[in-house]
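Structure, as structure tokens:
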Amino acid sequence: MPNSNTDATEIFRMPAADSTVPDLMGGARPAHPTLTIVKGPQIGETFELDAAEITLGRDPKNSVFLNDMTVSRHHARMDLSNLVLGASSIEDLGSLNGTWVDGAIVSKASLKDGSTIQIGTFRMVFHTNARTRRIDTEA
């Protein structure tokens with residue numbers, strides 16, 4: 001039974017740190033770039049990209065195995081060799097359905113943190129997972 005002294009509505013306030021997008025990586029930040037499938041048969045799967053060259057395709061020998069008939073066996077290749085300099089790219093390897101980056105079909109394209117990559121029915125998000133650096137500015 002409500003007490004007449006506490007009939008006021010209580011307001012629940014979510015701490016500011018908790019009111020953003022959920023941390024799907026569980027707070028552990030990967031040491032290498034990642035590619036996370038956000039649409040397609042393997043939705044939610046995250047690949048840690050721990051080599052300078054990453055191959056993507058339907059062949060299980062690829063670094064990123066995309067098991068769907070809309071993907072060529074050897075569909076695309078990512079070059080992460082200059083990632084420390086802020087440069088990474090993806091190249092289509094003559095696939096049947098093409099490789100799309102940020103909504104445009106490409107033969108080769110630069111990648112940035114947050115770029116979307118579409119290969120067949122798979123839509124993936126690329127994250128560099130680079131440690132943020134403090135930038136000194138003059139006031």
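These numbers come from the heavy atoms of this one structure, side chains and all, not from hydrogens, waters or symmetry mates. Here the structure is a predicted model, which means the values were calculated and not measured. All residue numbers in this chain count up from 1 along the given sequence.
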Should [X] and [Y] count as side-chain neighbours, where that means a heavy-atom distance under 4.5 Å?
X      : Y      : value
Phe122 : Lys39  : no
Ile90  : Lys108 : no
Val125 : Ile117 : no

>> Can you list everything that forms a side chain to side chain contact (heavy atoms under 4.5 Å, CB included) with Thr70? Sequence neighbours excluded, please.
In response: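 Listed in chain order: Asp68, Asn97, Thr121.
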> How would you list, by chain and number, every residue that makes a side chain to side chain contact (heavy atoms under 4.5 Å, CB included) with Gln118, sequence neighbours excluded?
Replying inline: Trp100, Arg123
>> Between Thr55 and Val64, is the side chain to side chain contact (heavy atoms under 4.5 Å, CB included) condition met? List the steps.
In response: CA-CA 6 Å; Thr55 57; Val64 176; over 6 Å; no
Working to the nearest 0.5 angstrom, can you tell me the gap between [X] [atom1] and [Y] [atom2]?
X     : Y      : atom1 : atom2 : result
Leu35 : Glu45  : CG    : CD    : 10.0 Å
Leu93 : Arg77  : CG    : CZ    : 5.0 Å
Leu56 : Asn62  : CG    : CG    : 7.0 Å
Leu96 : Met69  : CG    : CE    : 10.0 Å
Ile37 : Ile119 : CD1   : CD1   : 9.5 Å
Leu83 : Met78  : CG    : CE    : 9.0 Å

>> Can you tell me which residue among Thr34, Thr36, Asp113, Thr46 is in a side-chain hydrogen bond (donor to acceptor under 3.5 Å, both in side chains) with His127?
In response: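 Only one option passes, and that is Asp113.
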Identify the two heavy atoms, one from [X] and one from [Y], that lie closest to each other, and give their separation to 0.1 Å.
X      : Y      : answer
Ala76  : Thr99  : CB-OG1, 3.9 Å
Phe65  : Arg58  : CE1-O, 2.8 Å
His75  : Gly98  : NE2-O, 2.8 Å
Val101 : Ala109 : CG2-CB, 4.1 Å
Ser63  : Phe47  : O-CD2, 4.3 Å
Phe126 : Lys112 : CD2-O, 3.4 Å

>> I'd like to know if the side chain of Ser88 and the backbone of Leu80 have a donor-acceptor N/O pair within less than 3.5 Å.
In response: no
> Counting distance only, does the side-chain N/O of Asp102 pair as donor-acceptor with the main-chain N or O of Thr116 below 3.5 Å?
Replying inline: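 Indeed, once roles are kept as given, a pair shorter than 3.5 Å links the two residues.
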> With sequence neighbours left out, what residues match Ser81 under side-chain hydrogen bond (donor to acceptor under 3.5 Å, both in side chains)?
Replying inline: Asp79
> Out of curiosity, does Leu66 fall in the hydrophobic cluster containing Val106 (side-chain heavy atoms, cut-off under 4.5 Å, transitive links)?
Replying inline: yes
